[in-house]
Amino acid sequence: MSLESSVQTLQHSQLSLDTLTGAAARPGVIGPTLDPRSLTTGIVHLGVGAFHRAHQAVYTEDAATTSGETHWGILGVTGRTAKVAQQLAPQNGLYSVLTRSAQAQSLRIIASLRGVAFPGVDTDSVVAAIAAPQTQIVSTTITEKGYPRTSAGRLEISHEGTAHDIATLRRSLAGKYDAGPAATALGLLARGLGQRFQDSGAPLTVVPCDNLPSNGALTRQLMSNFAGEAGNAEFSQWLADAVAFPSTMVDRIVPATTAADQAEALSILGLQDQGLVVAEPFGQWVIEDAFAGGRPAWEQAGATITANVEPFEVAKLRMLNATHSLLAYLGALRGFVTIADAVGDEALKLAARRLQSEDVIPTLTAPDGLDLQAYGDSILERFANPALGHTTIQVAMDGSEKLPIRLLGTVSDRLAAGSVPESAALAVAAWMVFVYRGRDVNGETLTLDDPAAQQLHNVARGIENELSERMFALGNVFPQDVSGHLGFRKAVASHVHDLLREIR
Ligand code: NAI
Ligand code: CS2
């Protein structure tokens, strides 16, 4: 077979605009609900990972279909590798979402992603896209660690790459635009906003979609710090006046795609889909009603647009994400590969229920009169989805970033109320032993994937019976009101002792 025909074979074996019609006609395939060729770009998304493709991009396609608006195409921007760009470019941005539950699955082709860029080579085109007047929205899913911040919630200017991006922003605002890649996602955003300010000053809305409380206010603060460090008062003022930063609560369980998932999609599509993502049926998006300009009709796609997102954010982070982390660390230590396996264990399920009902719910204000106990039950049912394959080790990653966000707020609140949260103490202890042991009850290795991994290894190393004392010294993880509370320290130390004896 000649090179040309083998390339054609490969192309025709891959989802693309050329193969879309045939693929969409196959049984079990739901085709896109709009013509990808009709779309123009109105959104730039930073962090075009699995979650964006299974959540915001789907909501945006549904909104555009219902409203008939064709100017909400998405330019997806990858992070530190070109991998997703290399996967999606040959597919003209097309990919599919494989939605799975215990009862059924469906595969839907999504067309709202109209381009993919890799900042390593495409920074200038991404900056131009953010500056373009037809762009109304920049959204982000860059993980919790993508927002370098101090404990006071200000830009961590010592963060690797941030100083470089501040210097580049300063020069570009002084009319000395530097080509070349941004070192960080927020640095890329700042440069795009700087170019927009210099070109047109047109308003823009930044929609963060990461699991962070008050993610809009935080992103505003970090962008304001970027502008302040760049020393351009006019840009700082424009940022304050013309750019909105609504907070959001986002929810849909989207595990990392596996080779088995790809094989399943191939059998349905009859084509390779390198951009495949897998997700649960449930989805929720709550967005603060604070936009500087236009936006897709996301409410027509089921999103909630509201003045006050906070109760939704806090309830979701503390009821779902904290329980996820408890199951991830305890489950991984006890040899459970998936979250579904872990929550299928009666002892772990009871621990999850107790965390929700005894520690978390007393700290919450129910959003819109939500029945919090029923909400907790529904979360555990979602975790039990046997078709997802969401692994404990994936949820366990980045614990040094995640625990302060999703678990330690509950601890602080319970301690302030005069109660020691025992289940939260168990979750903290499980994380400490996960870091220290690095293996499960069967002796299988548990890899520590965390931006603070070296620090954690250094601190954890040493004699076992002082483990919790050493870990509590991590000021970037434990606030003083938590690490300084004797009753909580004792509770954690007791659980650490028991877990170390269990996991030899
Ligand atoms: P992913 O690994 O598929 O994508 C992560 C994206 O963030 C990639 O584009 C990557 O390049 C970028 N990234 C990673 N580290 C970064 C850093 N330090 N700075 C800038 N960019 C960075 O992960 P996925 O599943 O898309 O999740 C991303 C985020 O979405 C999560 O961290 C969370 O905040 C949020 N989320 C995820 C859900 C899920 O179930 N996967 C559900 C709800 C929210
Ligand atoms: C998980 C979240 O990996 C994790 O930390 O807790 O990604 C979780 O799947 C989502 O927040 C669900 O909406």
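Keep in mind that this is a model prediction, so the values were computed, not measured. Whatever order the structure lists them in is the order used to number ligands and atoms, beginning at 1. Residue numbers run from 1 in the order of the sequence given.
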*Give a yes or no on whether atom 32 (O) of ligand 1 lies under 4.0 Å from any heavy atom of the protein.*
yes

Out of A54, G47, A50, P255, the nearest non-hydrogen contact to atom 9 (O) of ligand 1 is supplied by G47

Nearest non-hydrogen protein atom to atom 16 (C) of ligand 1, with distance, is I142 O, 3.4 Å

Heteroatom distance test (G79, ligand 1): nitrogen or oxygen, under 3.5 angstrom:
yes

Problem set entry | Check: G47 main-chain N/O paired with T141 side-chain donor or acceptor under 3.5 Å | yes

Fill in: Residues E313 and R318 bridged, charged N to O under 4.0 Å
no

Atom 6 (O) of ligand 2 has as its nearest protein heavy atom H324 ND1, 2.7 Å

Quick look: R252 vs ligand 2, heavy-atom contacts under 4.0 Å, and the answer is backbone

The option among V254, D398, D210 carrying the non-hydrogen atom nearest to atom 39 (C) of ligand 1 is V254

Honestly, for R252 the part within reach of ligand 1 (heavy atoms, under 4.0 Å) is backbone

N/O of H390 under 3.5 Å from N/O of ligand 1, yes or no? no

(request) Please indicate whether any nitrogen or oxygen in R80 is less than 3.5 Å from any nitrogen or oxygen in ligand 1. (result) yes

of all protein heavy atoms, closest to atom 4 (O) of ligand 1 is G49 CA, 3.5 Å

Donor-acceptor contact present, side-chain S247 to main-chain G216, <3.5 Å:
yes

The protein heavy atom nearest to atom 26 (O) of ligand 1 is F51 N, 2.8 Å

Next on the checklist: Would D251 count as a polar contact of ligand 1, with the cut-off being nitrogen or oxygen pairs under 3.5 Å?
Outcome noted: no

Per-atom filter on ligand 1: closer than 4.0 angstrom to a heavy atom of G146 are 17 (C), 19 (N)

Given the options V250, T248, I287, D368, F312 meets side-chain contact (heavy atoms from CB on, under 4.5 Å) only with D368

Nearest non-hydrogen contact to atom 7 (O) of ligand 2 from the set V250, V254, N211, D251 belongs to N211

Margin query: Counting only nitrogen or oxygen atoms and a 3.5 angstrom limit, does E144 reach ligand 1?
Written below: yes

Worksheet entry | Exceeds 12 heavy-atom contacts within 6.0 angstrom, atom CD1 of I157 | no

Original post:
Between T162 and D165, is a side-chain hydrogen bond (donor to acceptor under 3.5 Å, both in side chains) present by the stated rule, with each step listed?
Top reply: CA-CA 5 Å; T162 296; D165 289 335; 5.8 Å; no

Quick one: does K402's side chain have a donor or acceptor within less than 3.5 Å of a partner on M397's backbone?
-> yes

I'd like to check whether K316 has a polar contact with ligand 2, where a contact means an N/O of the residue lying under 3.5 Å from an N/O of the ligand.
yes

> Is ligand 2 less than 4.0 angstrom away from at least one heavy atom of R406?
Replying inline: yes

* Asked: Is there at least one protein heavy-atom neighbour under 4.0 Å from atom 2 (O) of ligand 1?
  -> no

Here the atoms of ligand 2 under 4.0 Å from any heavy atom belonging to N321 are 1 (C), 2 (C), 6 (O), 8 (C), 10 (C), 11 (O)

| query | Passes side-chain hydrogen bond (donor to acceptor under 3.5 Å, both in side chains), D341 versus T338? Steps please. | reply | CA-CA 5 Å; D341 294 342; T338 67; 3.0 Å; yes

| Within a radius of less than 6.0 Å around CZ of R108, do more than 12 heavy atoms belonging to other residues, nucleotides or ligands occur? | yes

**Request:** Could you go through the salt bridge (charged side-chain N to carboxylate O under 4.0 Å, His left out) check for R414 and D359 one step at a time?
**Result:** CA-CA 7 Å; R414 294 305 292 145; D359 293 353; 5.1 Å; no

Carefully, step by step, assess K145 and D450 under the rule salt bridge (charged side-chain N to carboxylate O under 4.0 Å, His left out).
CA-CA 9 Å; K145 56 187 179 293; D450 192 299; over 6 Å; no

Paired with V77, the side-chain contact (heavy atoms from CB on, under 4.5 Å) test is passed by just one of V48, V44, L189, namely V44

**Request:** Using only heavy-atom distances, determine whether the side chains of Y147 and T140 contain a donor-acceptor pair under 3.5 Å.
**Result:** yes

Exercise. Output yes when a side-chain donor or acceptor of T123 lies under 3.5 Å from a complementary backbone atom of A182, and no otherwise.
Key: yes

In ligand 1, the atoms that come under 4.0 Å of a heavy atom of V48 are 9 (O)

Atom 6 (C) of ligand 1: closest protein heavy atom, distance to 0.1 Å, is T141 O, 3.5 Å

Check: Between I253 and ligand 1, does any nitrogen or oxygen pair lie at a separation below 3.5 Å?
Finding: no

Ligand 2 to H390, heavy atom cutoff 4.0 Å, flagged ligand atoms 9 (O)

I want to know whether W298 and Y59 have ring centres closer than 6.0 Å.
no

message: Evaluate A185 for polar contact with ligand 1, using N/O atom pairs at a separation under 3.5 Å.
response: no

*Short N or O distance, K402 and ligand 2, threshold 3.5 Å exclusive*: yes

When you check the gap from the basic side-chain N to the acidic O, do R149 and E401 get nearer than 4.0 Å?
yes

protein heavy-atom neighbour closest to atom 28 (C) of ligand 1 works out as T143 CG2, 4.2 Å

